[in-house]
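In what follows, every chain begins at residue 1, and chains take the letters A, B, ... in the order their sequences are listed.
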There are 2 protein chains.
Amino acid sequence: MSQHQPTGDGPPAAPSGGAPARGGSHPGPGPAGRGDTAGALPRPTLESVAERAGVSRATASRVVNGGAGVRASLREKVQRAVDELGYVPNLAARTLVTRRNQAVAVVVSEPESRLFSDPFFAKHLRGISRELSAADNQMVLLLIEDQADFERVGRYLGGGHVDGALLFSLHHSDPLPDIARRVGLPFVIGGRPGWPGAESDRELTYVDSDNRGGGRIAVQHLQSLGRTRIATITGPLDQTSSVDRLDGYRDLLPDGDPDLIAEGDFTPDGGGRAMAELLARRPDLDAVFAASDAMASGALRVLREAGRRVPEDVAVVGFDDVEQIAAWTDPPLTTVRQDIEDMGRLMARLLLRRLTGQTDTTGRRGPTSVITPTRLVVRGSA
Amino acid sequence: MSQHQPTGDGPPAAPSGGAPARGGSHPGPGPAGRGDTAGALPRPTLESVAERAGVSRATASRVVNGGAGVRASLREKVQRAVDELGYVPNLAARTLVTRRNQAVAVVVSEPESRLFSDPFFAKHLRGISRELSAADNQMVLLLIEDQADFERVGRYLGGGHVDGALLFSLHHSDPLPDIARRVGLPFVIGGRPGWPGAESDRELTYVDSDNRGGGRIAVQHLQSLGRTRIATITGPLDQTSSVDRLDGYRDLLPDGDPDLIAEGDFTPDGGGRAMAELLARRPDLDAVFAASDAMASGALRVLREAGRRVPEDVAVVGFDDVEQIAAWTDPPLTTVRQDIEDMGRLMARLLLRRLTGQTDTTGRRGPTSVITPTRLVVRGSA
DNA sequence: ATGAAAGCGCTAACAT
DNA sequence: ATGTTAGCGCTTTCAT
C-alpha cells in the first residue's frame, strides 16, 4: 500500500541509553508529590478537592458545576482547592451518571477521490467545529472508507460515546441513518436525503443548499450570455445534490438534447472525461455547466487541449465557489456559490438544539430542515 | 460573519402539526418491550445479559471481552443473550475502571488560510484515521482557530477523554506540547519541533519528512537544468518545515544572493506576493523553488502575468506533490513529493505503540522519531 | 445551604 | 471455570 516505509515499521531498535522511564500506565499509589517529570501522577478526584476544602463531595460537585446554591465563602474555598490541585473532572464518571457526553460524531462517508480533491469537506468541518465548540461540545470525526467501516462506525454510534451525529454525503443506500435511528441517536443530515419516503419523514432533519435553484442560476447566466447549446456535467446521480442541480438545469432547458448531459463524479478527472464525451457528441456546444468547481477545472483543461477558448468559444460555469479551485483556474471560474461553512454551522446548531431538549412536553420540536441559498459569482469563465 | 443566515437562526417557528414526540432524553423505566419506534429505550446492561444467560456478571463480562477461560456452552449462552438484547457495553463505565478510552485526539492548529487551501490536512487525517481505526481507536479531531481555543483544547486533553494526542503544525510558541506533558498525556508531533532544546529531548516523538533533503533535491534539479539564478519562496519561518527546506536550498547555494529569498505563508496568495517581490528584486532570475505547491501555484500565476514563460524563462519547482494542485496548474508542477498520508499513519502507529505499553520494565521504549524520505516528481514546470 | 448515601455499568481481584 | 465483591469518580436525591 504505502510507497515507502522508512524507519519505524518493524519492531524498532531500542534507543541507545537506558532512558529513565516516564512511569508506565500504572497509576500506582505512589507518593502524591508531583515529582518533576515523573509521569502518570494520580489525578486528583473530587473527593480530594472536597477534603482539602473541608467540605463534602456534594458541595464540591456543586461548585465545580456552577456553584448555584453554595455560600460564597465555601465556593471560594473549593475553587482554591481546585486550582491548587489542578483538578479536572473525570468525564467518564460524569457521563456514567449524567448520560451526557458533550460530544458529537461527524460521519463522512465519501470515497477518497472526492474527499481529497475538494476543500468542500474541510469547510464543512470548520463550520461544524466552530458551532460545536462554542457550545463546549467535542467533535468526533468518523471517516468511512469502505463497507467494513460501517460496522465499526455503527458500533461506535451505538456505544454511547456521543450524544448525537452529523451525517454527510449520504448515498441512496447508506445504512447510517437507519443505524442511528435504531440506536436512538439524534442526528442531522447534510444534504437532502434521497431514499424513498425520506422527503415526507417529519423525523428527518437535514441541511441542504438550494441546489436546484443554483442549477437554474447557472443556466440562466449562460443563456443571458446568448449561449444556446448549453451542456452540463453532473455529479454522481446517486446523490441528491447531483440530481437537484441537474433538475435546475432541466427547469430552464426542458427540451434539451440528452447528448448535452454527461455524468461526472465530482473529481477533476471525472469532469475532464465527461467534457471529452460531450465534445465528441456535440462539437458545437457553446457552454457548459459543471456541477462542481472540481469538475469544472477538469473540463477547462480538456477544453484547452481541444483548442477551445474559454469563455469565447465555450462559456463555463461551476458550482461551489471553492476559492482554492475557482480563483485559480485559467480563466478564473464563474460559479454558483454555496456557503459551505455556514451549512456546517447550521447542521451543528440544529443538532444541538435538539440535544438541549427543545422538545417540550407537548412533543413539539424546532423546524426540521433548512435550505440555504445559492448565488452566482462571476469571474472570467462565463 | 456568515454571509447569509437563511432560516433557522432565531428561535424557529414550531412545525405545524403536533408531531408525536420521540421520547425525550429521559431514560424512563418504561416497559422493556422494544416498542416500534418508541424512543430512548433503556439500554440493556451487562447485568441484564448475565441474568438472561443465567450466569454472573463477571462471566458475562469475560465473554464480552473475548471470552477467555469460559466454557464454550456458557460462552454461547451469553453470546445469545447479547444478541437478543442488542447489548452494547457502556463505554463510560468501562473507561471509568480500565482508564482506557480507545480514543486519540488529533489537534490541528493552523490558521484558516492554509487549512483550507491545502489538501495536505485531509491527507494527513486519512492516514491517521486508517491506522487508528485498524486498532479500534477513535479519532477525536480538535481544531484550533484562535488563542482562546488553546484553553478549551487544553482542558479537553487534560479531561481524560483520550489516551493520547497527535499534534500538528506547531509553531515555535505553541503551548500544546507543554500542556500535554503537564497532564501526562502521551503525544506524537507532526513535523520537527523547533523550540530550544527540543532537538535533544529524548522524550519527544515526532514524524517529519526530509524537508532539508527535499530542498536539496529541488535545487539540484534546477541546477541540472542549467539554471544559475535560482530563487526560493519559503514558508513562514516560524515553522521548522520552512526553515529546513530553506536550509536544503542553502546547502547547494551557500553563497546565494539574499535577494533571491522571499518569505511566503504557504498560501497561493502569499506565494504570488513573494514571487512579485523576487521579480522586482532580481528580474534576471531563471528559476524558483517554492516551498509548497500552493505557493508555487501563486507564483505561476504571477509569472504568467509578468509575461515569463514557464519553464522556458523561469523553471519552477514546488513541494508536497499535492495532486489537486500540482497536476492541475499550467504547466503541471514539477515538485518534491512527500507522502503525507504515510506520515499520518506513522504518527498514529508511533502513538499506539506507546499506548499499548511498549514501555517494558527496563524503561526502554521504541525509537522516538522518524524522518520520511522525499523525492522529485517531474512534470512540466521544470 | 450542606452533608450522607445511593448508585450509574463496568472490570478485576479474590474467593471458591 | 465461575461467582462474589469492591470499587472507578461522579451526580443527585433525600435528609438535615
Side-chain angles (χ1 to χ4, degrees), chain A residues 25-29 40-78 81-82 85-102 158-161 163, chain B residues 25-29 32 40-79 81-82 85-102 158-161 163:
Chain A
S25 45
H26 317 288
L41 50 177
R43 272 171 51 172
T45 69
L46 192 54
E47 179 80 49
S48 63
V49 169
E51 186 183 13
R52 184 177 190 108
V55 301
S56 75
R57 216 165 54 212
T59 298
S61 174
R62 288 182 189 111
V63 173
V64 168
N65 295 292
V70 177
R71 244 188 359 229
S73 65
L74 278 195
R75 204 181 329 165
E76 207 174 288
K77 255 187 190 161
V78 173
V82 165
L85 258 31
Y87 169 76
V88 181
N90 176 323
L91 283 123
R94 180 179 283 172
T95 293
L96 189 54
V97 29
T98 61
R99 280 132 198 296
R100 263 291 263 155
N101 289 287
Q102 296 284 80
H161 287 94
D163 303 322
Chain B
S25 44
H26 316 290
L41 48 176
R43 272 171 52 172
T45 70
L46 191 55
E47 179 80 50
S48 62
V49 169
E51 186 183 13
R52 183 176 191 110
V55 301
S56 74
R57 215 167 54 213
T59 298
S61 173
R62 287 182 189 110
V63 173
V64 168
N65 295 291
V70 177
R71 242 186 4 227
S73 66
L74 277 194
R75 206 181 328 165
E76 207 173 289
K77 255 189 190 158
V78 173
Q79 193 53 55
V82 165
L85 258 32
Y87 169 75
V88 181
N90 176 323
L91 283 125
R94 179 179 285 173
T95 293
L96 189 53
V97 29
T98 61
R99 281 137 196 295
R100 264 291 263 154
N101 289 288
Q102 296 283 84
H161 287 95
D163 304 322

Mind calculating the distance between [atom1] ([X]) and [atom2] ([N]) to the nearest angstrom?
X	N	atom1	atom2	value
A/E47	D/dG9	CD	P	10 Å
A/L96	D/dC8	CG	P	13 Å
A/R94	D/dT12	CZ	C1'	13 Å

* To do: Taking all heavy atoms of A/Y87 and all of A/L46, pick out the closest pair and write down the distance.
  => CE1-N, 3.4 Å

* Structure fact -> Heavy-atom nearest pair, B/G158 first then A/R43, reads O-NH1, 3.2 Å

* Asked: With sequence neighbours left out, which residue pairs that include part of residues 54-77 of chain A fulfil the salt bridge (charged side-chain N to carboxylate O under 4.0 Å, His left out) condition?
  -> A/E47-A/R57

* Asked: How bent is the helix from C/dA1-D/dT16 to C/dT16-D/dA1, comparing axes over its five end pairs at each side, to the nearest 10°?
  -> 40°

* Considering residues at least two apart in sequence or located in another chain, which fulfil the side-chain contact (heavy atoms from CB on, under 4.5 Å) criterion with B/V55? -> B/A50, B/A53, B/T59, B/A60, B/L74, B/V78

* Structure fact -> Applying side-chain contact (heavy atoms from CB on, under 4.5 Å) to B/N101 and not counting sequence neighbours gives B/T95, B/A103, B/D163

* Asked: Among residues 65-77 of chain A, which residues get a heavy atom nearer than 4.0 Å to DNA chain D?
  -> A/N65

* To do: Report the distance from atom CG of A/L85 to atom CD of A/E51, rounding to the nearest 0.5 Å.
  => 9.5 Å

* To do: Please list residues of residues 57-64 of chain A whose heavy atoms come under 4.0 Å from any atom in DNA chain C, ordered by number; otherwise none.
  => A/R57, A/A58, A/T59, A/R62

* To do: Please list, chain by chain and in numerical order, all residues satisfying side-chain hydrogen bond (donor to acceptor under 3.5 Å, both in side chains) with B/S48, sequence neighbours excluded.
  => none

* Asked: First and last nucleotide of DNA chain C touching chain A, 5' to 3', heavy-atom cut-off 4.0 Å?
  -> C/dA1 to C/dG9

